[in-house]
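Heads up, the thing below is written out as structure tokens.
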2 protein chains.
Amino acid sequence: MENSQIIAQTSDKHCTHDIKVSCGSCRLNTICMPVSLHIDDIDQLNKIIQRGRPLHKGEYLYRAGDPFTAVYAIRSGAVKALTISDSGNEQVTGFYLPGEVVGLDGLANNTHTNSVIALETSSICEIPFNRLEEVSMQLPKLQRHFLQLMSREITQEQQIISLLGKSSAEARIASLLLSISTRNSSRSLSSTQFLLPMSRTDIGNYLGLTIETVSRTFARLQKARVISVDKKEVSINDIAGLQQLAKGAE
Amino acid sequence: MENSQIIAQTSDKHCTHDIKVSCGSCRLNTICMPVSLHIDDIDQLNKIIQRGRPLHKGEYLYRAGDPFTAVYAIRSGAVKALTISDSGNEQVTGFYLPGEVVGLDGLANNTHTNSVIALETSSICEIPFNRLEEVSMQLPKLQRHFLQLMSREITQEQQIISLLGKSSAEARIASLLLSISTRNSSRSLSSTQFLLPMSRTDIGNYLGLTIETVSRTFARLQKARVISVDKKEVSINDIAGLQQLAKGAE
DNA sequence: TATTTGACTTGATGTGAATCAACGTTCGGT
DNA sequence: ACCGAACGTTGATTCACATCAAGTCAAATA
């Protein structure tokens, strides 16, 4: 196994362009493809993964309609996925943070139904799907993991559906913040202080709220001393309180 | 291939209990597992599928928390899937009609996150997952089909998310009716006249509306001569109009 | 047949978020 | 350093849907 240890930077400024990290040494490998693989299995996985140049803010990873050829693991940065609904509106369908995998929407018809756009400069691992399928044939665990990724996506979306159907603006925002908090802590980042990678507009679109309501809700949560917000910087002062709000408490 | 041709009845009253239909002769096989398989492949698939006794209205196919062992194809009748959200509310996550497959929610954690309940007397094909996995190893097409089923579930849910985030009560109801209409026609049933298998309460829960709003919206659509409703019986008088409403037109 | 029960409808009123509008702030480009 | 555009905040008003409340209807039970 090669010994390259260049860890991708979260900061835009010092982002390393010449990225060579093996899956074995990537600090995200417990999230991205957390399969207990033998060393040569990892090697095999490693060989098929391509690491591209960083994607800059606003650039597309792929567009709705593009042929489906690969799935993508976020290595650093953040992206949003969105579809154009029947009514012609953009709908943000998800935010993806380092260690998470996008692109599964393409499987149904061999065509992506979502577009994915970088929210900040991001580095991405491309995993060609036909190669992944081949390797999976020999590694049932990898196969299974892949199904689990999809299944998890389904259950997550069901939570969003419940959120949109039944919850107040406050509960929606609280849930989003808690979701990001949890995902940060699983990457050993702070669960109480972080930068939101997405705009208010994106948040509103994702949660089915107008930008004004998002803004007011942040203000309200801050006045209630549950969080502090300054622009994109959020700190959670009262997690328990936020969880109550997410559940719809007064 | 055996020649049993007992077709499951949609009607509750004459439902055949002693069901023996092979996948090869099932009239739903173009929807359920539309894989172009050789005859012996179908035979192989056929062997692993278990056909249970019919499930009566209100009975559970499985419950949230049950271990994941199988996926299920609806052969006749209809079921609803629901989760208990964090806030403790029931959330109907989907309705499943003949030819459609439920149970994919269990893959993420080897445990079902949804419960599935019969809306009317239904017969169900149980497809044990470990056997399916084995067979898939030898039949890449089946493997691929299965991934497509999941991917389709994801994209469908994204449409619901968009619906709940951005659309009026009218658009939501219109979309649901169109969805059922489309799915009916793919089973060669009428796309303009059908019985709703679910209650107003279920519809409201699914679409994030109160039962009163569901009722009033049906009434409004009827007054606008777009549909006719009598209890559970719906006929669509103006599909184009309904499509406009689903898109959010005035 | 009377009686309860659950599913649905219809009307009157209240409210949370959308809309409309104005203004402040940050950022990218020259 | 300046400018315009995009992003964000805050306030006043409106509106679609929720809530509250009564009542209808059909099937289930006794």
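Residue numbers start from 1 in every chain, and the chains themselves are labelled A, B, ... in the order their sequence lines are given, proteins ahead of strands. As the structure is a computational prediction, the values presented were derived from the model and not from experiment.
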Given atom [atom1] of [X] and atom [atom2] of [N], what is their separation to the nearest angstrom?
| X | N | atom1 | atom2 | value |
| --- | --- | --- | --- | --- |
| B/L209 | D/dT19 | CG | C1' | 14 Å |
| B/D202 | C/dG6 | CG | P | 15 Å |
| A/I211 | C/dA21 | CD1 | C1' | 14 Å |
| A/L207 | C/dA18 | CG | C1' | 15 Å |
| B/L221 | C/dT9 | CG | P | 12 Å |
| B/K57 | C/dG6 | NZ | C1' | 10 Å |
| A/R172 | C/dA17 | CZ | P | 7 Å |
| A/K231 | C/dT25 | NZ | P | 13 Å |

Under the 3.5 Å rule, do the base of [N] and the side chain of [X] count as making a donor-acceptor pair?
| X | N | result |
| --- | --- | --- |
| A/R216 | C/dG16 | no |
| B/R200 | C/dG6 | no |
| B/E170 | D/dC17 | no |

Between [options], spot the one nearest the side chain of [X], thanks.
| X | options | result |
| --- | --- | --- |
| A/E212 | C/dA17, D/dA18, D/dT10 | D/dT10 |
| A/A219 | D/dG8, D/dA18, D/dT10 | D/dT10 |
| B/T201 | C/dC8, C/dA18, D/dC17 | C/dC8 |

Q | Side-chain (B/R75) to main-chain (B/I124) donor-acceptor, under 3.5 angstrom | A |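 Between the backbone of B/I124 and the side chain of B/R75 there is no qualifying donor-acceptor contact (under 3.5 Å).
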
Q. Looking only at atom types and distance, does a side-chain atom of B/K166 sit under 3.5 Å from a main-chain N or O of A/N205, one as donor and one as acceptor?
A.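 Pair found, side chain donor or acceptor close to backbone of A/N205.
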
Q. Checking side-chain hydrogen bond (donor to acceptor under 3.5 Å, both in side chains) against B/T93, which of B/T113, B/D105, B/N114 comes through?
A. B/N114

Could you check whether [X] gets within reach of a base, just the sugar-phosphate, or nothing at all, counting any heavy atom under 4.0 Å?
| X | result |
| --- | --- |
| B/K232 | sugar-phosphate |
| B/G204 | nothing |
| B/T210 | base |

Q: Ignoring backbone atoms, test whether B/S215 places a side-chain nitrogen or oxygen under 4.0 Å from the OP1 or OP2 oxygen of C/dC8.
A: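 No, no such contact exists.
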
Q | Closest-nucleotide ordering on DNA chain C, the 5'-leading residue of B/T213 and A/R220 | A |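 Nearest nucleotide further toward 5': that of B/T213.
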
Q: Taking the six-membered ring for Trp and the full ring for Phe, Tyr or His, determine whether the centres of B/Y62 and B/F68 are under 6.0 Å apart.
A: no

(Q) So B/T192 and B/S235, do their side chains get closer than 4.5 Å, heavy atoms only? (A) no

